[in-house]
Asker: 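First the structure, which I've put down as structure tokens, then a few questions once you've had a look.
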Amino acid sequence: MDNTEAPIQEKEMQPEIKQSDKPKNEPEESYEMMTQLYEETLKDIQEGEVVKGTVIKITPDYVLVDVGYKSEGQISTNEFKNEEREILVKEGDQIDVLLEKREDDEGLIVLSKTKADQAKVWDLIGKASENNELVEGKILSRIKGGLSVDIGVKAFLPGSQIDLHPIQDMDKLLGQTFKFKVLKFNKKRGNIVISRRAILEKERESQRAETFEKLEEGSIVEGVIKNITDYGVFIDLGGVDGLLHITDMSWGRVNHPSELFSLGATISVKVINMDKEKGRVSLGLKQMIPDPWINAEKTYPVGKRVTGKVVSITSYGIFMELEKGIEGLIHISEISWTRKIRHPSQIVCLNDEVEGVVLSADSSKRRTSLGIKQLEPNPWTLVKEKYPVGTIIEGTIKNITDFGLFVGIDEGIDGLIHISDFSWTKKIKHPAELYKKGEKVQAIVLNIDERNERFSIGIKQLEKDPWEGIDQKYSSGQLVEGKVTNITAFGIFLELSTGIEGLIHISEIDKSKAEKISELIKIGDSLKALIINIDERGKKIGLSLKELEKNSEKSEAKKYIYQQTSTEASLGEILENKVPGFPNAEKKEPEEPSASDSSIEKLETKLSQEDSEEAEAKPENEAEAKPEAEAKAASLTEPADISSEDSIDSESAEKK
């Protein structure tokens, strides 16, 4: 029935008073009094007030409710239906309703059952907030920053107030009913903030004291996993949270705690440490079983072949799990005898089953070293037997570096020809000057270092060292001639023979000539010099032009004196018929040495003394050396000391 079918009827006890019914002779004041008495019979109801009403009629669309006002109010049946769409009231029931409006456009009062219920709930929540009482509610949905909860009206539950620890998955709480504490209540703004954590903290405090009394180090306890982090698991022991660190979960490798545990699971752990003052408890799981490293050295002796699973791959090696709690490292250098491996991932993958050999096991350091290449014979041992030192081999150049050539010998084994082993005499700046990659080359085995896996070979050793026995071929003071091969700021290099060079240092060249050396001498010119030093070990020969010039001056002076003396004696002897072999020569008895002979001997002695003095102490600089040289030359060219007898003989010879 709609509003047109059921017009609003006024109560019989309130008959309508018409203007025509007024007694004609009644005073005006009596009419006003009657109107006032009528209005006093009606309830004084304010808008927004919750009042009691009686259900007088129920239709499919609305429920008619009398609240003792001028007219009844209509309320939609939807406000009286449950989840099964059943109407929960019947005619004659007393209900609470809220007066929204005294009259609408049609003169009807506007009532609401839902708003009356909400107003009632607000009052109850307000009292609970004042009295610090708990309210019960159902979690409806996720909203920004937390959850929406129905506690009669909608309230906000912040994410930080849901539990004692952060909740990762809040969706699992939807539809669940909990008790909450009202943190904030504002009826005017319609704002209610509630907390579940406050209740849990209070419960935990009461349990904490009891739990700490029961806990002891070394005891086995049960708990519920409340939170999982990268570094461990937090376990609720009953008012006390204990930390099971990732290092105490297993004797073996644990990449993340989530591999072993899940939220809400119940586990048994061992108390390894506790601090009652700070409220901290450290728990352990691996401590509940024996340490496998105790007998590792006996279980895995050196040389034993083992098989395990690859659990980690790094740039420097492979970690292989031998058993739960024991891992071994296969270093990258222990993977292959000959292959150059840049990264172990070239050889194996995670979870691969790998075989290896135990190289060492140390229980105290909890380390085990393994090797893969030891499963096969060491090819370097075979190479050493196959190519003894002195063996001439031929191979292909595989690589050229600044310091030498790498030549392929056998599969996976290369020999190094160092740049210093290319030639006995040539100075090579870079191997690429003489050789190319892929070129065949012959060399001789110099050394094989099996331990460090190094194979040294040489090219120059195929020929004899020209410097060997150089002191027998050349000697100090010897005059040599050679071809100029290089002129530098510090001297001239002469090639004396194939592969043998000598250096004329700038200090061994006359100063006047040294300044014009590049003008006087060119590369390719032949030059004579005197050997002043030989160093066979250092492969050096020192040459000198100064010494050569000095020796030349001395020899010329000697020659001149000998010629002068010889000429005078022969002429006198000839004139006096004293020269043997000539006709009329008289035989005389041997005479004492003449003055001229003694003069020659004096000259030779003087020259030899000067040579020895020069060898012992050379002039400090050219300024000193030059005057001495000039004086010496002058002394050599001056006539020798002649006695008076010699002078008389000479004069008589001239007269005759």
Asker: Can a donor-acceptor pair be found, under 3.5 Å and without considering hydrogens, that links the side chain of Thr77 to the backbone of Pro60?
Answerer: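 A pair under 3.5 Å: yes.
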
Asker: Does a salt bridge link Asp96 with Lys120, judged by any charged N lying under 4.0 Å from a carboxylate O?
Answerer: yes

Asker: Please report, to 0.1 Å, the donor-acceptor pairs under 3.5 Å made by any side chain of residues 144-162, with sequence neighbours excluded.
Answerer:
residue : atom : partner : partner atom : Å
Asp150  : OD1  : Gly152  : N            : 2.9
Gln161  : OE1  : Ser195  : OG           : 2.6

Asker: I'd like to know whether CD of Glu216 has more than 12 heavy-atom contacts from other residues, nucleotides or ligands below 6.0 angstrom.
Answerer: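 Count not over threshold, so no.
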
Asker: Indicate the atoms forming the closest heavy-atom contact of Asn399 with Thr401, along with that distance.
Answerer: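 Of all heavy-atom pairs spanning Asn399 and Thr401, the closest is ND2-CG2, 3.9 Å.
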
Asker: Any side-chain heavy atom of Leu140 within less than 4.5 Å of one from Leu174?
Answerer: no

Asker: Does some side-chain heavy atom of Tyr300 sit less than 4.5 Å from a side-chain heavy atom of Val306?
Answerer: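 Yes, at least one pair of side-chain atoms sits under 4.5 Å.
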
Asker: Within this structure, what is the NZ-CD1 distance for the pair Lys226 and Ile167, rounded to the nearest 0.5 Å?
Answerer: 8.0 Å

Asker: Compare every heavy atom of Ala198 with every heavy atom of Lys181, then report the nearest pair and how far apart it is.
Answerer: CD-CB, 4.1 Å

Asker: Is Arg253 paired with Glu327 through a side-chain N to carboxylate O contact shorter than 4.0 Å?
Answerer: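 Judged by the 4.0 Å cut-off on N to carboxylate O distance, Glu327 and Arg253 do form a salt bridge.
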
Asker: Do any N or O atoms from the side chain of Lys286 and from the backbone of Thr247 form a donor-acceptor pair under 3.5 angstrom?
Answerer: yes

Asker: Does His343 offer a backbone N or O that forms a donor-acceptor pair with the side chain of Gln346 under 3.5 Å?
Answerer: yes

Asker: State, yes or no, whether a side-chain contact exists between Glu453 and Trp337 at a heavy-atom distance under 4.5 Å.
Answerer: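 Yes; the side chains approach each other to less than 4.5 Å.
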
Asker: Between Lys373 and Ser333, is there a donor-acceptor pair closer than 3.5 Å when you use the side chain of the first and the backbone of the second?
Answerer: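 Here the side-chain-to-backbone pair exists.
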
Asker: Going through the checks in order, is the side chain to side chain contact (heavy atoms under 4.5 Å, CB included) test met by Phe234 and Ile225?
Answerer: CA-CA 6 Å; Phe234 287 94; Ile225 296 174; over 6 Å; no

Asker: In Å, rounded to the nearest 0.5 Å, how long is the span from CD1 of Ile95 to CD1 of Ile75?
Answerer: 5.0 Å

Asker: Identify the heavy atoms of Pro257 and Ile246 that sit nearest to each other, and give their distance.
Answerer: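 Smallest interatomic distance, heavy atoms only, reads CD-CD1, 3.9 Å.
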
Asker: Quick one: list whatever passes salt bridge (Lys or Arg N to Asp or Glu O under 4.0 Å) with Asp362, sequence neighbours left out.
Answerer: none

Asker: Just checking, is any N or O donor in the side chain of Glu79 or Tyr62 under 3.5 Å from an acceptor N or O on the other one?
Answerer: no

Asker: Is the shortest side-chain heavy-atom distance between Asn351 and Lys309 below 4.5 Å?
Answerer: yes

Asker: How many angstroms lie between CG in Leu370 and CZ in Arg305, if you round to the nearest 0.5 Å?
Answerer: 13.0 Å

Asker: Give a yes or no answer on whether the side chain of Glu297 reaches the backbone of Trp293 with a donor-acceptor pair at less than 3.5 Å.
Answerer: no

Asker: Measuring from atom CD1 of Ile294 to atom OG of Ser363, what distance do you get when rounded to the nearest 0.5 angstrom?
Answerer: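 Nearest 0.5 Å value for the CD1-OG distance: 9.0 Å.
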
Asker: Does this structure show an ion pair linking Arg142 with Asp171, if we count only N-O contacts that are shorter than 4.0 Å?
Answerer: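 Salt bridge between Arg142 and Asp171, a charged N being under 4.0 Å from a carboxylate O: yes.
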
Asker: Between Arg366 and Asp291, is there a side-chain N and carboxylate O pair less than 4.0 Å apart?
Answerer: yes

Asker: Checking Arg196 against Phe178: charged group under 6.0 Å from the ring centre and within 45 degrees of the axis?
Answerer: yes

Asker: Hey, is the main chain of Ala128 close enough, under 3.5 Å, to the side chain of Asn131 for a donor-acceptor pair?
Answerer: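 Not at all, since once roles are kept as given, no pair shorter than 3.5 Å links the two residues.
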
Asker: Run Val354 and Ile347 through side chain to side chain contact (heavy atoms under 4.5 Å, CB included) and show every step you take.
Answerer: CA-CA 10 Å; Val354 177; Ile347 307 298; over 6 Å; no

Asker: Counting only N and O atoms by type, is there a donor-acceptor contact under 3.5 Å from the side chain of Asp93 to the main-chain atoms of Val89?
Answerer: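 Looks like no, no N/O pair under 3.5 Å.
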
Asker: Within the 4.5 Å heavy-atom criterion, are Ile125 and Val182 side-chain neighbours or not?
Answerer: yes

Asker: Output the distance between atom OG1 (Thr368) and atom CD1 (Ile330), rounded to the nearest 0.5 Å.
Answerer: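 Those atoms lie 11.5 Å apart.
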
Asker: Considering residues, nucleotides and ligands other than Lys127, do more than 12 of their heavy atoms fall under 6.0 Å from its NZ?
Answerer: no

Asker: Kindly indicate, with the supporting measurements, whether the criterion side chain to side chain contact (heavy atoms under 4.5 Å, CB included) is fulfilled by Ile335 and Ile318.
Answerer: CA-CA 9 Å; Ile335 295 176; Ile318 303 164; 4.0 Å; yes

Asker: Rounded to the nearest 0.5 Å, what separation is found between the CG atom of Asp248 and the CE atom of Met288?
Answerer: 13.0 Å

Asker: Please evaluate residues Ser336 and Ile341 with respect to the criterion side chain to side chain contact (heavy atoms under 4.5 Å, CB included), reporting the C-alpha separation (whole Å), side-chain torsions for both, the decisive distance (0.1 Å), and the verdict.
Answerer: CA-CA 8 Å; Ser336 175; Ile341 300 168; 4.0 Å; yes

Asker: Less than 4.5 Å apart, side chain to side chain, heavy atoms only: is that true for Val97 and Val51?
Answerer: yes

Asker: Please report the closest heavy-atom contact between Pro292 and Glu323, naming both atoms and the distance.
Answerer: CB-OE2, 3.8 Å

Asker: Does Trp251 use its side chain to pair, donor to acceptor, with the backbone of Lys324 at less than 3.5 Å?
Answerer: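 A pair under 3.5 Å: no.
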
Asker: Within the side chain of Thr54, is there an N or O that forms a donor-acceptor pair under 3.5 Å with the backbone of Ile56?
Answerer: no

Asker: Using a 6.0 Å cut-off, check whether atom NZ of Lys81 has over 12 heavy atoms from anything other than its own residue.
Answerer: yes

Asker: On a heavy-atom basis, which atom in Ile220 and which in Ser268 lie closest, and how many Å separate them?
Answerer: CG2-CB, 4.3 Å

Asker: Does some side-chain heavy atom of Val281 sit less than 4.5 Å from a side-chain heavy atom of Phe212?
Answerer: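 Yes, close enough: below the 4.5 Å cut-off.
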
Asker: Would you call Glu217 and Met274 a side-chain contact if the rule is heavy atoms closer than 4.5 Å?
Answerer: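 Counting from C-beta outward, Glu217 and Met274 do come under 4.5 Å.
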
Asker: Under the rule for salt bridge (Lys or Arg N to Asp or Glu O under 4.0 Å), what residues qualify as partners of Arg280, not counting sequence neighbours?
Answerer: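 Checked Arg280 against salt bridge (Lys or Arg N to Asp or Glu O under 4.0 Å); zero matches.
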
Asker: Check whether Thr299 reaches the backbone of Asn295 with its side chain - one donor and one acceptor, N or O, closer than 3.5 Å.
Answerer: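 Between the backbone of Asn295 and the side chain of Thr299 there is a qualifying donor-acceptor contact (under 3.5 Å).
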
Asker: What is the minimum heavy-atom distance between Asn186 and Trp122, and which atoms define it?
Answerer: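 Closest approach of Asn186 to Trp122, heavy atoms only: O-CZ3, 3.8 Å.
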
